[in-house]
There are 2 protein chains.
Amino acid sequence: MTASGVRARVRAEMTDEIKAVARRHLATEGANLSLRAVARDMGMASSAVYRYFASRDELLTAMIIDAYNALGDTAEQAATGNSGLERFLNATSAVRDWALADPHQWALIYGSPVPGYQAPQDTVGPGTRVVLLIADLVKDAYENGEITDREEITGRFAEELRAVADQYTPGAPPRLVAASMSAFLHLSGAISAELFGQLTGSVEEDRRGFFEYQMRGAASLIGLR
Amino acid sequence: MTASGVRARVRAEMTDEIKAVARRHLATEGANLSLRAVARDMGMASSAVYRYFASRDELLTAMIIDAYNALGDTAEQAATGNSGLERFLNATSAVRDWALADPHQWALIYGSPVPGYQAPQDTVGPGTRVVLLIADLVKDAYENGEITDREEITGRFAEELRAVADQYTPGAPPRLVAASMSAFLHLSGAISAELFGQLTGSVEEDRRGFFEYQMRGAASLIGLR
DNA sequence: GAAAAAACAAGAGCAGTGCTCTCTGTATGG
DNA sequence: CCATACAGAGAGCACTGCTCTTGTTTTTTC
């Protein structure tokens, strides 16, 4: 291994450790991540952290990408089953479990954007993994004849969704893309509400059951059976 | 008007002005509201603001309550029409318009909670106005025979929702409460995603159309026609 | 192998933050 | 009329993100 290779590896390790400490802080403190506190925890000067991340926002961006990818991995691994419906329910349930296990990380990616923070281009790729997974899974079900016919959608947004469908899931009718996206938005709304305390006072005991009920509704709008 | 009445009135006006300035700051800056900046804008010392709000969190709480009520008013006023479906679509569309007009205020109430901020009891009442409006409107439609029959739900969450139904919309079957809440969560998810940039790259032109499509889906799950 | 260049780390410092404490006027209530 | 409660100001504490300068170490280049 070359000398420059060593340096690069040490740098990568350092970067990872900073992110790990930051993730720990995020889990306990919440979204107002303090670079200084992270540096303190690592026993280094705060200015030294700036060798690895140009700003607090850049560190946040890195953590957002990591979170998107962790969630994407989780959802993809869970999206198994004997039917499209089963795969959909398993995937969405895994997304919920992931969010419940680390609410702050969920808030980081699906909560309100950090003030002054504009999501850079690097985040859009990983950010679409879950919705693409759903669209893909629905397309599979469609090709297996598992989708109940529904009337095709019309309107300008239908045209826009046709373009999206052609790019990501060619061959799938636009209404399936629309319904998949709609299901994903329902998913994220249901999880965010549960995590952010919007459900307090109504469903307290059987939130999993209520969530599955909602996802079954979303699936029925898609036509999954 | 008594002398103490004057003092109380001045205090109320002062409180309102602080909130107004804070709202202006929120609209431009985002969620990291600075008490000092608000005080500066009002030409007073930051310490003087603490005569009116014990902490930044308390000011935020006041603004959250105001935002909930403003949104509640908007939704209630818009929930008119000749059918339950029309009322539902009008109300949800008004909610979306309100959120688009003031994204930061929407983020304040439906985005990720401010770090370290625990929503006090005062916010739960105003916070349920929109979902209660939907449930109420659905119950009206139910009593007018505008709801297509669907099978009743089962499970523990169904029992919990029955209790909620008995309290807020007595006489309505629990499945309507479940579907109303589900619709509301879909609503908030769709709006948050649109506001927080989750839709970037897919539906750009006809977001209103896509939103209405989604709300029609939610309405069909309720059985509204 | 020595010199030059690049990277790393630390510390001081700036401007901002929430919040507290103390002090001073002033308006209110008895 | 006077004691009191209250509004406001200012200084100060501990914290933040970030920059700039200084010194040290490591890597590259000759």
Side-chain angles (χ1 to χ4, degrees), chain A residues 1-19 21-22 24-26 28-64 104 108 113-118 120, chain B residues 1-19 21-22 24-26 28-64 104 108 113-118 120:
Chain A
M1 191 165 278
T2 72
S4 88
V6 169
R7 191 173 55 72
R9 206 202 53 197
V10 168
R11 186 180 173 84
E13 282 172 3
M14 204 69 178
T15 309
D16 282 349
E17 193 182 337
I18 292 173
K19 287 200 286 185
V21 173
R24 228 177 49 217
H25 277 230
L26 214 63
T28 61
E29 306 281 311
N32 54 351
L33 182 66
S34 160
L35 247 166
R36 287 182 111 113
V38 171
R40 221 177 296 130
D41 243 37
M42 297 188 58
M44 72 197 301
S46 67
S47 53
V49 178
Y50 284 83
R51 294 269 158 200
Y52 301 90
F53 295 96
S55 69
R56 183 175 157 279
D57 273 7
E58 199 173 279
L59 174 58
L60 275 178
T61 300
M63 311 209 53
I64 287 173
H104 291 104
L108 194 61
V114 181
Y117 180 84
Q118 182 68 4
Chain B
M1 190 166 278
T2 72
S4 90
V6 169
R7 193 169 54 69
R9 207 202 52 198
V10 168
R11 187 182 171 83
E13 282 172 3
M14 205 68 179
T15 308
D16 281 350
E17 194 182 334
I18 292 174
K19 287 199 286 185
V21 173
R24 229 178 48 218
H25 277 230
L26 214 62
T28 61
E29 307 281 311
N32 54 350
L33 182 66
S34 161
L35 247 166
R36 286 182 112 111
V38 171
R40 222 177 295 131
D41 242 37
M42 296 188 59
M44 72 197 301
S46 67
S47 53
V49 179
Y50 285 83
R51 293 270 163 200
Y52 300 91
F53 296 94
S55 68
R56 183 175 157 278
D57 273 7
E58 198 174 279
L59 174 56
L60 275 178
T61 300
M63 312 210 51
I64 287 174
H104 290 104
L108 195 61
V114 180
Y117 179 84
Q118 181 68 3

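Remember, it's a predicted structure, so these values are computed and weren't measured experimentally. The chains referred to below are lettered A, B, ... by the order of the sequence lines, with proteins before strands, and numbering in each begins at 1.
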Worksheet item: Between D41(B) and H25(B), which heavy-atom pair has the shortest distance, and what is it?
Response: OD2-NE2, 3.2 Å
Worksheet item: Base, backbone or nothing for each nucleotide of nucleotides 12-23 of chain D, written B, S, -, heavy atoms under 4.0 angstrom, 5' to 3'?
Response: B---BBBB----
Worksheet item: Going by heavy atoms in the side chains, are T15(A) and F53(A) under 4.5 Å from each other?
Response: yes
Practice prompt. Round to a whole Å and report the spacing from CG of N32(B) to C1' of dG16(C).
Written response: 12 Å
Item to complete: Can you tell me the distance, in whole Å, between the CZ atom of F53(A) and the P atom of dC8(C)?
Response: 13 Å
Practice prompt. Tell me which nucleotide among dG8(D), dA10(C), dC8(C) gets nearest to the side chain of Y52(B).
Written response: dG8(D)
Practice prompt. Using atom CE of M44(B) as one end and atom P of dG10(D) as the other, report the distance to the nearest whole Å.
Written response: 12 Å
Discussion item. Rounded to whole Å, how long is the line connecting atom CZ of R11(A) with atom C1' of dT25(D)?
Written reply: 15 Å
Fill in: Considering all heavy atoms, the nearest L26(A)-L108(A) contact
CD2-CD2, 3.6 Å
Worksheet item: Just wondering, do E13(B) and E17(B) contact through their side chains at under 4.5 Å, heavy atoms?
Response: no
Fill in: Heavy-atom check, side chain of M42(A) versus side chain of V49(A), under 4.5 Å
no
Worksheet item: Do R51(A) and M44(A) have side-chain heavy atoms sitting under 4.5 Å apart?
Response: no
Worksheet item: Once you round it to whole Å, what is the distance between P of dT27(D) and CZ of R9(A)?
Response: 11 Å
